[in-house]
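A, B, ... follow the sequence lines: proteins, then strands. Residue 1 opens every chain.
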There are 2 protein chains.
Amino acid sequence: MPLCIPALIRKMESVFTLTEDERQVLETLPMQVMVIKDDQDIVRMGDRPSRSCLILSGFAATYKVTAGGKRQIVSFAIAGDIPDLQSLHLKTLDTSIATISTCRVGFIQHEALRDICLRYPRIGAALWRETLIDAAIFREWVMNVGQREAYQRMAHVLCELLVRLRAVGLAEDHACDLPITQAEFADALGITTVHVNRVLQQMRADGLIVSKGTQIKIPDWDKLKQAGEFDPAYLHLESDQAA
Amino acid sequence: MPLCIPALIRKMESVFTLTEDERQVLETLPMQVMVIKDDQDIVRMGDRPSRSCLILSGFAATYKVTAGGKRQIVSFAIAGDIPDLQSLHLKTLDTSIATISTCRVGFIQHEALRDICLRYPRIGAALWRETLIDAAIFREWVMNVGQREAYQRMAHVLCELLVRLRAVGLAEDHACDLPITQAEFADALGITTVHVNRVLQQMRADGLIVSKGTQIKIPDWDKLKQAGEFDPAYLHLESDQAA
DNA sequence: CGCGCACTTGAAGGCGCTCAACATTGGTGG
DNA sequence: CCACCAATGTTGAGCGCCTTCAAGTGCGCG
C-alpha cells in the first residue's frame, strides 16, 4: 500500500535534501488509511497505542480535559502532522486527539517507525525534530494563554495557523479554509465562546480579518502579526515564509 | 574530566537498565562544568548554541518575554534536566533559560551527543524521550494556565515540583527546598505577584502548605493533589511515586 | 420545512489586575 | 555586631476584562 505523504516530505525537505533511498522509504511507508468524520476521537488519553497517526488531510485538535470537565486544546494538527508521534517513546498518551473536520488519517506502526529511525538516522533525527517543534509550539501557547489578552491571543493563533498552512501549501497568500468553530477557538485560547465571538467581531471591525463561512482572509498581514505579537521563529521553518 | 550525572542516569534507569557500556559512556561524558549565580541567563532566545546544558544542581527556569515585556516561565528545570536539549536539532533557541538559584551547570557539545545517539541508540531514544516528557509538561501547563483558577494553578505547580524533585531524590516524603520567589511563581502561573501572595496565604490558611524561608512542607498530600487536580500521569514516571 | 448547531446579543457580577504603600528578611560593609 | 539597603513579601481599595446566564438569530442539511 504505497501512499504519498507530500506534506510530511515537504517539511523534511525544507531542512535537508532527502536521498533517493530515504524518499523511497517514506513514500512506501506501510500505513493504514482511514477517513474519520468530524468531532471523533482518533486516540484517547490513557491509550497505549502501537501506532501513530499521520494527518493526511483535514483538521484535528490535541486536547486535555480538567477534572471539572473543561477542555483545553493544546494544539491544532494539520496535514503532515503526526500529533501523537510522542507515543513512539512514551507508553501512555497524556492527551486525546479529535478530528475537527473530516480527516484522512494514516496509521503507522511504531515498529516500522523505530526500524526506519535505526536504518535511516537522518529520518530519525527529522522525526525527533518534528516532536521538538511541537514542543516549541506548546511553549508559545503557554505564553499566549498566560500573558496575552483575548484579542491578542486570537490574533496570534490565527497567525500561527496561516503560517503553518502556507508551509504545507494549504493557504494561498493570505487566505485559507479554517473549519474551526468559535467554541473550538474558545477551548484553544482559554476563554469562553461568548468572548471569542466578541473578539472576532472587534477584529472584523478593525479590518484584521474577513470571513465567509469557513473561509478567512487577512487583508493586512502586518497588522495581524502586530496585533498578535506574532514572531514565527518558534515554528522553526527554515524557508522564511513570514512575508 | 569524567563527571557523575546521577540524576540523569537515575531517570534513564527508571525506564530500562543501562548496560555497563552505556553507563560508562554517560559517566565519562565530556562536559564543561560551571557554577552560575542566581538570576543569570544561561542561554538566550535567538542563540544558536553548539552545546546543551545539563543542570547538575540548583533551579533554573525556561521563559519567554512578550513584546510588551511580560515574562512567562514555561517550565522549571531541576537537577538531571537538560532544558535546551532541543537545540540538538533546532538551530535557534526559541526560549531563554535563567538560573533561579545558584546552579552547577554542565555544558555538553552537540557533537558528543549526536555521536552517542548514533553509537548507543537506546541512549538516543532515552534522550528523545526526555524531550517528549518536556513537551508533555508544556501541554499540561497550557491546560493549567488556560483552564484553572489561580488557586488550582498554584497547587498544581507545587504538586509537579514535589513529584519531580522526589523522582531525582531531592525531596523527602512531602517536604523540599523551593528557592522560587513569589514573583517567579507569578510569571509561571500567568498571574500577578500580588495575587500569588494572596493565594499562598489562603493555601496556608487551608492547611495545604507550611513554609519557612525556602523550605516547604505538604501536611496533606492528597488534599493538595485534589486542590490542583493533579494527576502525575503526564510526567511519565515509570516507577509510580505518586503516593 | 424544520431541526440542530453555530453564532450573536445583553446585563450583571466576580476573579484577578493596578497602583501604591508598608513590613520583613537577608545579606553586606563599616 | 550592628546599621543599612535592596529584594521579597504583605496589605488595601478601586477597577476592568472576561465570565455566567439566558435568550435570542441565522444557517446548513436531511
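What separates CZ of R198(A) from P of dC18(D) is a distance of 11 Å, to the nearest Å. Atom CD1 of I209(A) is separated from atom P of dC7(C) by 12 Å (rounded to the nearest Å). We find that CD1 of I191(A) is positioned 16 Å from C1' of dC15(C), with the value rounded to whole Å. Between D187(A) atom CG and dT19(D) atom C1' there is a gap of 15 Å when expressed in whole angstrom units. The nearest whole Å value for the distance from the CD atom in Q152(A) to the C1' atom in dC17(D) is 13 Å. Distance CZ (R148(B)) to C1' (dC15(C)): 17 Å, rounded to an integer number of Å. Regarding H195(B), its NE2 atom lies at a distance of 15 Å from the P atom of dT11(D), rounded to whole Å. Rounded to whole angstrom, the span from the CD atom of E184(A) across to the C1' atom of dC7(C) amounts to 13 Å.
With a 6.0 Å radius and a threshold of 12 heavy atoms from other residues, nucleotides or ligands, Q182(B) has its CD atom above the threshold.
Contact annotation: Q182(B) side-chain N/O to dA7(D) OP1/OP2 distance is not under 4.0 Å. For the pair N197(A) and dC7(C), the criterion of a side-chain N or O lying under 4.0 Å from OP1 or OP2 is not met.
Using bins of under 30°, 30° to 60° and over 60° for the plane-to-plane angle, the ring pair H156(A)/Y234(A) lands in the parallel bin.
Taking every side-chain heavy atom of T181(A) into account, dA6(C) is the closest of dA6(C), dA11(C), dG16(C). Comparing dG16(C), dC19(C), dT8(C) by their closest approach to the side chain of Q201(A) singles out dT8(C). Residue R204(A) places its side chain closer to dT8(C) than to any other of dT8(C), dC18(D), dC17(C).
No side-chain donor from either of D222(A) and Q226(A) sits under 3.5 Å from a side-chain acceptor of the other. No side-chain N or O of N144(A) forms a donor-acceptor pair with one of E140(A) less than 3.5 Å apart. Checked by atom type, the side-chain pair S211(B)/R204(B) shows a donor-acceptor distance below 3.5 Å.
Projected onto DNA chain D by closest heavy-atom contact, D38(B) and T192(A) fall at different nucleotides, the more 5' of which corresponds to D38(B).
Residue contacts for G213(A): at a heavy-atom cut-off of 4.0 Å it reaches no nucleic acid atom on any strand shown.
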